[in-house]
Amino acid sequence: MRTMTAAGARKVRSRTWTTLADVMSRWAFMGPAAIILGAMLAYPIFYTVEISFSRFDLMTFSAVEWIGWENYAHVLDDYRFWSSMKVTLVYLVFALPLQIVLGFGIAFLINADWRGRGTVRALFIIPMVVAPVVAGGIWRMILDPLWGIMNWLIGLAGFAPLDWFGDPNLAMAAIVIIDTWRWTPFVVLIATAALLSLPRDIFEAAEIDGANWWSMLWSITLPLLVPIIAATFVVRWLGAVKMFDIALAATYGGPGGATNVINLFIYEEAFRSLRFAESAAMAVIVLVLTMVLTGIFLFGTRKLEERC
Amino acid sequence: MSRIHEAAGSVSRRALMAAAVSTVAMAAFGGTAARAQDGLGTPEQPIEVRMIANEAFANQWQTLMVPEFNKAYPNIKVTIDGVPYVELLAKSMLDATGPSPTYDIIIADDPWVPQLAEVGALMDLKSAEAAAWTDAGYDWDDFNAAPLAAGEWKGVQYGVPLRSNMLMMFVNKALYEKAGVPVPTPDITWEQYLAQAPKLVQDTNGDGKVDAWAIDTYFVREPLTPTIWQTIMNSNGGSLLDENGKPAFNTEIGIAALETHKKLLEFAPTGAVSHGFSESLQAFRQGLVATMFNWGSVYKGSAIDEKTTTLKPDQVGIQALPAGSGGPGAHRGIWNGTVSSKSENKQAAWTVIQWLSSKEGEAWHSANLGVFPARKSTLAAKPSVEWLGPVFVGLQQAYDAAEKGKMWRIRHPRSDAAQQILADEHSRFMAGQIGAAEALQVAADKIEKVLD
């Protein structure tokens, strides 16, 4: 009995030690990543949240006094915040679907086996590696009403020159065009990879059954691509919602506030007006909204994947 | 013998006394001199001074100005970090409020001195400490009042003008002559200017298309654009704030000035509503516009330097902006040299700034880099290069106008926030989204809250 107890105790000790060693080894792997994430990601976010509820003292450059929701009240009372949110929404509504449709459309077209396809794919990467400020500056020159090549081409076609950055609607169109020029290649790359990974046997079976090009696209390709399209949409959504550098370089947020997207407004309030507390409050609002919408999109993506 | 002894004793005592006196003197003055020398470095132990400045001119200063300064002060090593304008204030504030700032010298734009001074970041340049390091020949009274006032806040002098910029009117005389319009004189009024403007929108090569316009300047949504409106308003007797620091621009004069600024668009190149500093400069230097309201410092690159302009020196005129009921217009844009209050090299830092703002430094700066001086004596003297002659005349006129009409941006610890509000509302008006009265009303309400 005593021997049994000792063996049992040894067994329990051994099991405990094994569990402990297992936990420790897991944390040994996770620890560095957790610490880096905590320092580089979580701390700035929590600090931003702290500033958003505080009075920011420029003398010490830190949050000094807890003032509750006061900064949020100021922000929500500022028509410029709501105007920037509206501008951001308009930009997202036009830019995102355009990039997804164009990206998958181009991928579908260049997916056929033709000479020089590799070169074209490589060229597609160029806009992605151009710095956004440079892209904005180049497009500002292209679209310049006086010197730009775009209006020259429009003139050759017999149309009157367009004031791309002077008209609020055209300025928004310019931002959507520049952003689409930059990011459609990214969608093309993902879509091309997705198209290449589609199972060939289904298409061969459909061909034997007499399905035409359109039937195969509509009934096979698109349904199979839906999860990829949804995932690409979420990735682009997260990128697009952060956009401000193109607007800063191309239109300065104008004319009026026509292209003053929310992140440009936050940047200006923080670094030009030195209103760090109000800017932090706006950043937190945008963060929460983005998280909620991303959650909804991810939920939708999962549902689409389950259906497929 | 005793006389000899007495004489010897007397000589000895005198020698001892002289030796004692000289020792005391050396201890007193020589020690001070040694300490002063320490503050300015020695060949063995040079002092390193770091400066934060706008990237637009930081590199030019590092490569041209610092070697010139080192001819006079070889033991002070100056390192200049250039920062983009939009980030300069925030970075300067962040550094200056830290426990051990990196920068000994902060080059602050016109409206930033109150913001930096209010957080205790700057040293009083007229304090007893600074006075002990100030050269006896450094003449404070020689500065024009308007540029010197840019470095002052609540009666304390925190900065001195190093790059004295003024918003001025540039004239392409060739386009005036081609249009058969008399070249403007410094007395031209806004009414006369606007009456001439339609004639300056012209087809210069006879192909049936307009290829030259009357004006280009700031119209785009950015903080410097309202300075044009403000100059028009100031020259007509209006002001940004009243004596209590409350917005005073929402008046008939302010509204009329805003409408005048928008009217300029009728005589400006296509798409000028999105033009700012660079675009208007490009248009002027390519000979497309008869006038340009821009910062005077671009004169050299617009009239003299063949690499950057198509115009010849005799084609380009420079003067104050047209006159309103109160006189001609201008707008102050001074880059101030300031010393960090936490610097460990205050003496060396102040020496750098002092040299650059001295009569000698200003003369070198304007002759070699085309930078405008702030001293009356420099402006009154015969410049070392011929092209500076008419520029100095125009500049003195602009200083006088700015001083008379208080033509500068809001001076307050939150001046940049106020300026951004002005830019937002001004741009909405320019884009036709709201009327002039509404734009100024919204701006006044918001600025009152911000400055409160």
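If you're wondering where the values come from, they're calculated on a predicted model, not measured in any experiment.
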- line: The residue among B/F293, B/F249, B/F219 that forms ring pair (Phe, Tyr, Trp, His ring centres under 6.0 Å) with B/W229 is B/F249
message: Tell me if the CZ atom of A/F94 is crowded by more than 12 foreign heavy atoms within 6.0 Å.
response: no
- prompt: Do other residues, nucleotides or ligands put more than 12 heavy atoms under 6.0 Å from the CG atom of A/L153?
  reply: yes
field: A/D78 versus chain B, the contacting section by heavy-atom distance below 4.5 Å
entry: both
statement: Counting heavy-atom pairs under 4.5 Å with chain A, the top scorer among B/Q115, B/E222, B/Q419, B/Q282 is B/Q282
field: Evaluation steps, salt bridge (Lys or Arg N to Asp or Glu O under 4.0 Å), between A/R80 and B/D424
entry: CA-CA 9 Å; A/R80 295 179 302 167; B/D424 284 341; 2.6 Å; yes
- request: Flag the one option from B/L94, B/L88, B/I421, B/V220 with the top tally of heavy-atom pairs under 4.5 Å to chain A.
  value: B/L94
task: For the pair B/D203 and B/K209, find out whether any cationic side-chain nitrogen is under 4.0 Å from an anionic carboxylate oxygen.
output: no
- line: The interface call for A/W164 against chain B, heavy-atom contacts under 4.5 Å, is neither
message: Surrounding OH of A/Y79 (heavy atoms of other residues, nucleotides or ligands, distance under 6.0 Å), is the total greater than 12?
response: yes
field: Contact class of B/V86 relative to chain A, heavy atoms under 4.5 angstrom
entry: both
- prompt: Are side-chain heavy atoms of A/I285 and A/L76 found at a separation under 4.5 Å?
  reply: yes
query: In terms of heavy-atom proximity below 4.5 Å to chain A, should B/E118 be classed as side chain, backbone, both, or neither?
result: backbone
task: Name, in order of residue number, those residues of residues 426-437 of chain B that have a heavy atom at a distance of less than 4.5 Å from a heavy atom in chain A; otherwise write 'none'.
output: B/S427, B/R428, B/A431, B/Q433
- line: Interatomic distance, OG1@B/T227 vs OH@B/Y218, rounded to 0.5 Å, equals 6.5 Å
task: Go through B/D416 and B/R409 one step at a time and tell me if the salt bridge (Lys or Arg N to Asp or Glu O under 4.0 Å) criterion holds.
output: CA-CA 9 Å; B/D416 277 42; B/R409 278 157 277 171; over 6 Å; no
- request: Measure the spacing between CE of A/M141 and CD of B/E279 and express it to the nearest 0.5 Å.
  value: 10.5 Å
- line: Contact list (residues 441-452 of chain B to chain A, heavy-atom gap under 4.5 Å, by number) returns B/V442, B/K446, B/K449, B/V450
message: So for B/V119, is it side chain, backbone, both, or neither that comes closer than 4.5 Å to the heavy atoms of chain A?
response: both
message: Would A/D179 and A/R236 count as a salt bridge (Lys or Arg N to Asp or Glu O under 4.0 Å) here? Give the steps.
response: CA-CA 11 Å; A/D179 198 55; A/R236 271 307 299 135; 3.4 Å; yes
message: So that I can tick it off, tell me whether A/R275 and A/E268 are bridged by a salt bridge, with the cut-off set at under 4.0 angstrom between side-chain N and carboxylate O.
response: no
- prompt: Quick one: CG on B/N336 to CH2 on B/W112, what's the gap to the nearest 0.5 Å?
  reply: 10.5 Å
- line: Cut-off 4.5 Å, heavy atoms of chain A, and the answer for B/L288 is side chain
- request: Against chain B, work out which of A/F165, A/W147, A/F271 has the most heavy-atom pairs shorter than 4.5 Å and name it.
  value: A/W147
query: Is it the backbone or the side chain of B/A283 that comes under 4.5 Å from a heavy atom of chain A, or both, or neither?
result: both
task: Check the angle between the aromatic planes of A/F53 and A/W69 and answer parallel, tilted or perpendicular using the 30° and 60° thresholds.
output: perpendicular
query: Top residue by heavy-atom pair count (under 4.5 Å) with chain B, among A/D144, A/N260, A/T251?
result: A/N260
- prompt: Between A/F186 and A/W183, how do the two ring planes meet: parallel, tilted or perpendicular, split at 30° and 60°?
  reply: perpendicular
